Amino acid sequence: MANRIEQAKQALDQLIAEAYARAAEQGALPAGAEIRGSVEQPKDAANGDFAANHAMASAKALHMSPRKIAEAIAAHMELQNTWFSTVEVAGPGFLNFRLSARWYADVLAAVETEGADFGRTDDGRGEKVMVEFVSANPTGPMTIGNARGGVLGDALASVLDRAGYDVWREFYVNDAGNQVDLFGKSIEARYLQLLQGEDAVEFPDNGYHGDDIRELARLIYERDGDKYLTMPSEARCAAFVAFGLPYNIARMQRDLERYRIHFDQWFLESSLHESGYVAETVQLLTDAGLTYEKDGALWLKNTELGADKDEVLRRSNGFYTYYAVDIAYHRNKFIERGFDRVIDVWGADHHGHAVRFAATMKAPALGLEGRKLDFLIMQMVRLVRGDEIVKVSKRTGKALTLADLMDEIGVDACRFFFNAKPDTHLEFDLDLAVRQDSENPVYYVQYAHARICTLIAALAEAGHAVPETGKIDAALLETEQERALIKQIAVLPEEIRLAARDYDPSRINRYAIELAARFHRFYNACRIKDAEPDVLAARLKLADTTRQVLENAMSIIGVDAPEKM
C-alpha cells in the first residue's frame with residue numbers, strides 16, 4: 001500500500017544519485033564515488049518539505065566542501081514531472097526540497113483508491129504473531145488494569161495487522177491452581193453464610209470479598225437450595241468452581257465483546273495439565289540437566305540461563321507451579337501452533353518475571369531457537385474523579401470494574417484514554433472523559449469527523465458532490481493549512497509501521513489528534529461553501545479524504561467515527 005512519505009524519500013535518493021552522475025559526467029564533481037545520505041522531514045517547514053544531507057556525507061569521499069558538492073548536485077537536478085518542485089542549498093550543504101502539486105494529488109488519489117485500507121503496509125510479510133492480553137483470573141470481574149491491558153493488546157494487534165502481520169489474539173484462562181481453589185472456598189463461605197448466618201461461618205482471610213462472590217453463592221442457593229450443606233467441603237468447593245468459573249468466563253466474554261475486543265481463542269490452562277503437556281515440558285528440562293531437587297521440590301537452574309534466580313517448577317506436594325505452566329504454555333504457542341513471534345501484554349508488576357522468563361525461553365531443550373518472545377509491559381493506572389482517587393482493588397471488592405467504567409464514560413472514551421503510551425503511568429480523569437469540548441481528546445477527534453460529515457451533507461444538498469481526484473486541480477490546494485493537512489494524511493502508513501515496530505499503538509491516538517487539529521485549522525482558514533467552483537471541489541475532496549483517514553485511524557484503536565454529535 002502507499003506510503004508516500006517513504007516513497008518520496010526513496011525518490012529523492014534516486015534523484016540525487018542521478019544529479020551526481022550528470023555532474024560527474026560534466027566534470028563538476030569527481031567521478032567514481034557513491035553518493036549516500038539520509039532524507040528527513042524538517043521540523044520547520046521554512047526549511048522545505050524534505051532535507052537531504054548527501055553532500056555532507058560524501059565530502060570525504062569527494063575531497064570537496066559539502067557546500068560545493070550540494071551546489072553542483074542542485075545545479076544538475078532535474079525535477080520535471082517528479083514529486084518535487086524546487087531544490088535549494090542551505091547551511092553547510094543541506095539540499096532542501098519542496099513538494100509539487102503532483103505529490104499532493106497522489107496522496108489524495110491513494111486514499112481514494114485504498115479507502116479503508118489506506119495506511120496498510122507489508123512490513124510484516126505475513127509473519128505469524130500471537131498477542132496474548134488481558135488473561136485476567138476468572139475469579140471476579142475485570143478491573144481497570146485489565147481495561148488498559150485490553151485496549152493496548154487489542155490496538156497493538158490491530159496495528160500489527162495493518163502492518164502486514166498475520167495476527168492472532170488470545171486470552172489465557174487461569175482455570176487451575178491456587179486462585180481457583182480460593183475462589184471455590186470463597187463461594188463456599190458465602191453459601192454457608194446464606195444458610196447459617198454470617199456470624200456462624202468464618203470467611204477465609206485471603207478470600208475474594210467482592211459482591212460478585214455473594215452473587216454466585218446466591219445463584220447457587222436459588223438453583224439448588226441447601227443441597228450442598230451436608231456435602232464434604234472438597235466436593236462442595238469443586239461443584240461451586242464448576243458453576244462459578246464458566247459463569248465468570250461468560251461474563252468476561254460479554255464485557256470484552258462490548259469493549260470491542262474479540263479473541264481468536266480463549267485458551268484454558270487446565271488443557272495443559274490434562275494433556276500432560278506441563279509434565280512433558282518439565283521432563284525436557286530435566287533430561288537436559290537443567291533441574292535439581294531441593295527440599296522435596298523440583299527447581300529450574302534458571303541462573304545458568306542468565307536469570308538472577310532459580311525457579312521452582314514442581315512443589316514438594318507434587319503440584320506444578322505457575323512458572324512451569326507458563327513455560328509449557330509458551331512452548332505450546334511456538335512448537336504446537338507455529339507462531340513466529342509471541343507478544344505478552346503484562347502489567348508493571350510482572351517486569352521481573354518477564355526478564356527471568358525471557359532467560360528461560362532460551363533453554364535449547366525447549367527447541368525455540370529462531371522464535372521471538374516479546375513483552376509489552378504497561379505501567380499502572382490511577383483513576384481520578386475530581387480530587388478523588390477511585391479505588392481499584394479487586395480482592396477487597398471495592399473496585400470500579402470494566403463494566404462500571406463503560407457504563408459511566410462509554411466505550412469510546414475508555415478505549416481512547418487507555419491507549420496511552422504503555423511505558424508511562426496513566427492518570428485517567430473520569431470527568432475529562434465525559435466532557436464535550438476540545439480538552440477531551442476523543443471528543444476532539446470525533447468532532448472533526450462529524451464536522452466533515454455535516455459539511456459534506458450540506459454541500460450535497462446544494463448540489464456539490466465529492467469529486468474524484470482526477471477531476472480536481474490539486475495545485476489549487478496551495479495554502480499552508482491545506483498542504484499541512486495533506487502531509488499529515490500521508491503520514492498514516494509510516495505511523496502504523498512505527499507503532500508496530502515499537503509496540504506503541506498510542507502513536508495512532510497522537511496521529512488522530514494532530515490530523516483533527518490540522519483539519520480544524522484548514523476549515524477555519526479556507527473558505528469552502530462560498531469558494532470558487534474549482535477551489536470548492538478541491539477543498540471538498542480534501543475534507544472527504546480527511547474524513548476517510550480519520551475513520552481509518554479511529555478504527556485501528558477501536559473508536560467509533562460518528563457522523564453527528
Side-chain angles (χ1 to χ4, degrees), residues 131-159 169 171-172 174 208-210 212 251-252 255-256 258-261 343-354 375-435 439-443 445 499 502-510 512-513 556-559:
V131 183
E132 186 233 312
F133 59 105
V134 183
S135 298
N137 285 340
T139 53
M142 285 175 293
T143 61
I144 303 311
N146 307 138
R148 186 179 195 191
V151 168
L152 286 172
D154 192 51
L156 174 59
S158 184
V159 160
R169 292 167 169 85
F171 187 117
Y172 178 60
N174 300 107
Y208 294 104
H209 291 259
D212 57 295
R251 179 169 55 185
M252 285 179 166
D255 286 347
L256 288 168
R258 181 185 170 197
Y259 204 29
R260 302 175 191 148
I261 296 175
I343 304 167
D344 292 341
V345 180
W346 289 355
D349 54 335
H350 284 70
H351 181 267
H353 175 66
F375 300 93
L376 176 58
I377 303 296
M378 59 178 179
Q379 294 301 315
M380 305 304 289
V381 179
R382 186 170 79 160
L383 286 184
V384 296
R385 188 186 289 111
D387 296 328
E388 176 191 355
I389 298 175
V390 181
K391 301 292 185 181
V392 294
S393 170
K394 182 165 84 169
R395 187 173 290 276
T396 63
K398 297 177 181 177
L400 185 70
T401 67
L402 170 59
D404 294 333
L405 198 62
M406 289 190 287
D407 288 340
E408 181 170 340
I409 66 172
V411 176
D412 289 333
C414 284
R415 291 197 58 113
F416 199 97
F417 275 72
F418 278 124
N419 193 44
K421 197 165 176 57
D423 60 1
T424 59
H425 289 274
L426 173 62
E427 184 163 294
F428 193 135
D429 186 338
L430 297 174
D431 289 341
L432 175 61
V434 296
R435 279 171 55 179
E439 295 299 312
N440 179 353
V442 65
Y443 180 87
V445 172
D502 299 340
Y503 298 168
D504 182 12
S506 70
R507 292 189 73 104
I508 308 304
N509 287 41
R510 296 190 291 277
I513 292 169
I556 292 171
I557 57 178
V559 172

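These numbers were taken from a predicted model, which means no experiment stands behind them.
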For side-chain contact (heavy atoms from CB on, under 4.5 Å), just list the numbers for Arg148 and Gln379, CA-CA rounded to whole Å, side-chain angles, deciding distance to a tenth of an Å, and then say yes or no.
CA-CA 9 Å; Arg148 186 179 195 191; Gln379 294 301 315; 4.2 Å; yes
Using a 3.5 Å distance criterion without hydrogens, assess whether the side chain of Asp431 forms a donor-acceptor pair with backbone atoms of Gly386.
yes
Please step through side-chain contact (heavy atoms from CB on, under 4.5 Å) for the pair Ile144 and Leu402, ending with a clear verdict.
CA-CA 6 Å; Ile144 303 311; Leu402 170 59; over 6 Å; no
Point-to-point distance, once rounded to the nearest 0.5 Å, from CE of Met380 to CG of Leu426:
11.0 Å
Tightest non-hydrogen contact, residues Gly153 and Val131, listed as O-CG1, 3.8 Å
Return the CD1 to OG distance between Ile508 and Ser158, rounded to the nearest 0.5 Å.
8.5 Å
Taking the basic N atoms (NZ, or NE/NH1/NH2) and the acidic carboxylate oxygens, is any pair closer than 4.0 Å for Arg260 and Asp412?
yes
So do Pro505 and Ile556 actually touch side chain to side chain, heavy atoms under 4.5 Å?
no
What I'd like to find out is whether the side chain of Arg382 reaches to under 4.5 Å of the side chain of Val384, using heavy atoms alone.
yes
Salt bridge check, Asp154 against Arg415: does any charged N sit closer than 4.0 Å to a carboxylate O?
yes
Phe133 versus Tyr172: any side-chain heavy-atom pair under 4.5 Å?
no
Minimum heavy-atom distance between Gly150 and Val134, given as atom pair plus value:
CA-CG2, 3.4 Å
If you measure from CZ on Arg169 to CG on Leu156, what distance do you get to the nearest 0.5 Å?
9.0 Å
Closest non-hydrogen atom pair between Ala433 and Ile409, with its separation
CB-CD1, 4.0 Å
Quick check: do Tyr259 and Val151 have side-chain heavy atoms less than 4.5 Å from each other?
yes
Is it true that Arg258 and Asp407 have a side-chain N and a carboxylate O under 4.0 angstrom from each other?
yes
Is any side-chain N of the basic residue among Lys421 and Asp502 closer than 4.0 Å to the acidic one's carboxylate O?
no
By ring-ring contact (aromatic ring centres under 6.0 Å, His included) - contacts of Tyr503 (at least two apart)
none
Considering all heavy atoms, the nearest Ala354-Ile377 contact:
CB-CD1, 4.2 Å
Would you mind reporting whether Asp212 and Thr139 have side-chain heavy atoms less than 4.5 Å apart?
no
Minimum side-chain heavy-atom gap Val345-Glu132 below 4.5 Å
no
Phe417: which of Asn509, Leu430, Asn440 passes side chain to side chain contact (heavy atoms under 4.5 Å, CB included):
Asn440
Out of curiosity, Leu376 CG to Met378 CE, how far, rounded to the nearest 0.5 Å?
8.0 Å
side-chain hydrogen bond (donor to acceptor under 3.5 Å, both in side chains) between Ser506 and Asp504, intermediate numbers included:
CA-CA 5 Å; Ser506 70; Asp504 182 12; 2.4 Å; yes
Is there side-chain contact between Leu152 and Asn419, with heavy atoms separated by less than 4.5 Å?
yes
Indicate yes or no: at least one non-hydrogen side-chain atom of Thr401 is less than 4.5 angstrom from one of Thr143.
no
Should the pair Phe375 and Trp346 be assigned to parallel (<30°), tilted (30 to 60°) or perpendicular (>60°) ring geometry?
tilted
d(Arg385 CZ, Glu408 CD) to nearest 0.5 Å is 4.0 Å
